[in-house]
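Small disclaimer: the values here were computed from a predicted structure and weren't measured. Heads up: numbering here begins at 1 and tracks the sequence. Whatever order the structure lists ligands and atoms in, that order sets their numbers, starting from 1.
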Amino acid sequence: MKRVALVTGASRGIGKAIALRLAADGHGVAVNYTANAEAADRVVDEIRAGGGTAIAVRADVGDSAAVADMFETVEDTLGRVEVLVNNAGITRDGLLLRMGPDDWNSVIETNLTSVYLCTRAAMRSMVRARWGRVISVSSISGISGNPGQANYAASKAGIIGFSKSIAREVGSRGITVNVVAPGFIETDMTEGLGDETARLVAEQAALARLGRPEEVAAAVGYLASDDAAYVTGQTLVVDGGLAL
Ligand code: NAP
């Protein structure tokens, strides 16, 4: 086993693809989820069937006590987290005048407070080891904004500012902190938007199609690798040229 990686929200979609990718690259992987235990177990089974090492670990990443328990479980079973991928995220879309405090708070907690909690929990051992990789999944919504997604875009822009700050704090300790910003990727999150939206988005992308979870996972795999040792504080956009 090369390194110990923790991927939040890895039971489905982009997080699942990241977990499989990091496992294929030789890392032991903790597969975090919050509700879908069966889906998380299937990801673990797939990794183990391929000869890899994995565990599933339940935690609501917006909850500080749950995050502390999750890190304890991972450290006790796999070892200290060396590669942290903050991927878990939700949407609660709506125009501002209809966006209530619950819609605002739940998205900020799950998408942004989680990044603060998990990165902080991982940082002590990374600093001690003088090596670490933190990679967080933002979105082009956090760069360009998107009507109906003020809460989501704020959380995703927050991830970018947070990551640049931490990159500057811990760079001298051999820890890199980067962001991947996907465009429109085919997952459960985007399925509900409908075929017409998907067609219009595909038309706008320079590559004239939607993205696949594996294509985001490849960018994360690169940032976690030794090839990216001199890359920090960056946001790598993986959107097929959608936001150009
Ligand atoms: P998805 O298919 O809806 O999967 C979401 C994952 O996050 C699931 O594994 C879910 O676990 C987990 N999760 C949700 N709330 C959680 C919580 N409070 N604690 C722990 N885990 C939680 O989403 P996706 O499309 O793969 O998106 C993954 C990330 O990419 C998100 O941050 C999203 O904002 C970002 N992104 C996606 C797109 C896109 O087009 N799909 C574009 C840009 C950015 P359960 O299975 O247990 O519910």
- Carboxylate-amine/guanidinium contact Arg199 Asp195, below 4.0 Å: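 Between Asp195 and Arg199 there is no salt bridge, as every charged N stays at least 4.0 Å from the carboxylate O atoms.
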
- Task: Inspect the contact between Arg42 and Glu46 and indicate whether a charged nitrogen and a carboxylate oxygen are less than 4.0 angstrom apart.
- Result: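 Here Glu46 does not pair with Arg42 in a salt bridge, since their nearest N and O are not under 4.0 Å apart.
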
- Task: Could you work out the complete set of other residues in the hydrophobic cluster of Leu236, with links drawn between I, L, V, M, F, W and Y side chains under 4.5 Å apart?
- Result: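 Noted: Leu236 shares its cluster with Val7, Ile14, Ile18, Leu20, Leu22, Val29, Val31, Val43, Val44, Ile47, Val83, Val85, Trp131, Ile135, Val137, Val180, Ile185, Val216, Val220, Tyr222, Leu223, Val231, Val238.
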
- Query: salt bridge (charged side-chain N to carboxylate O under 4.0 Å, His left out) with Glu215: which residues, sequence neighbours excluded?
  - Reply: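 For Glu215, the residues satisfying salt bridge (charged side-chain N to carboxylate O under 4.0 Å, His left out) (neighbours in sequence not counted) are Arg209, Arg212.
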
- Task: Select all protein residues for which some heavy-atom-to-ligand 1 distance is less than 4.0 Å, and list them by chain and number.
- Result: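 If the criterion is a heavy atom under 4.0 Å, then ligand 1 touches Gly9, Ala10, Ser11, Arg12, Gly13, Ile14, Asn32, Tyr33, Thr34, Ala35, Asn36, Ala59, Asp60, Val61, Asn87, Ala88, Gly89, Ile90, Thr110, Val137, Ser138, Ser139, Tyr152, Lys156, Pro182, Gly183, Phe184, Ile185, Thr187, Asp188, Met189, Thr190.
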
- Of all residues at least two apart in sequence or in a different chain, which pass the side-chain contact (heavy atoms from CB on, under 4.5 Å) check with Ser125?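 So Ser125 forms a side-chain contact (heavy atoms from CB on, under 4.5 Å) with Arg80.
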
- So, does Gln149 use its side chain to make a donor-acceptor pair with the main chain of Pro147 at under 3.5 Å?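 The answer is no, because no donor-acceptor pair under 3.5 Å joins these two groups.
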
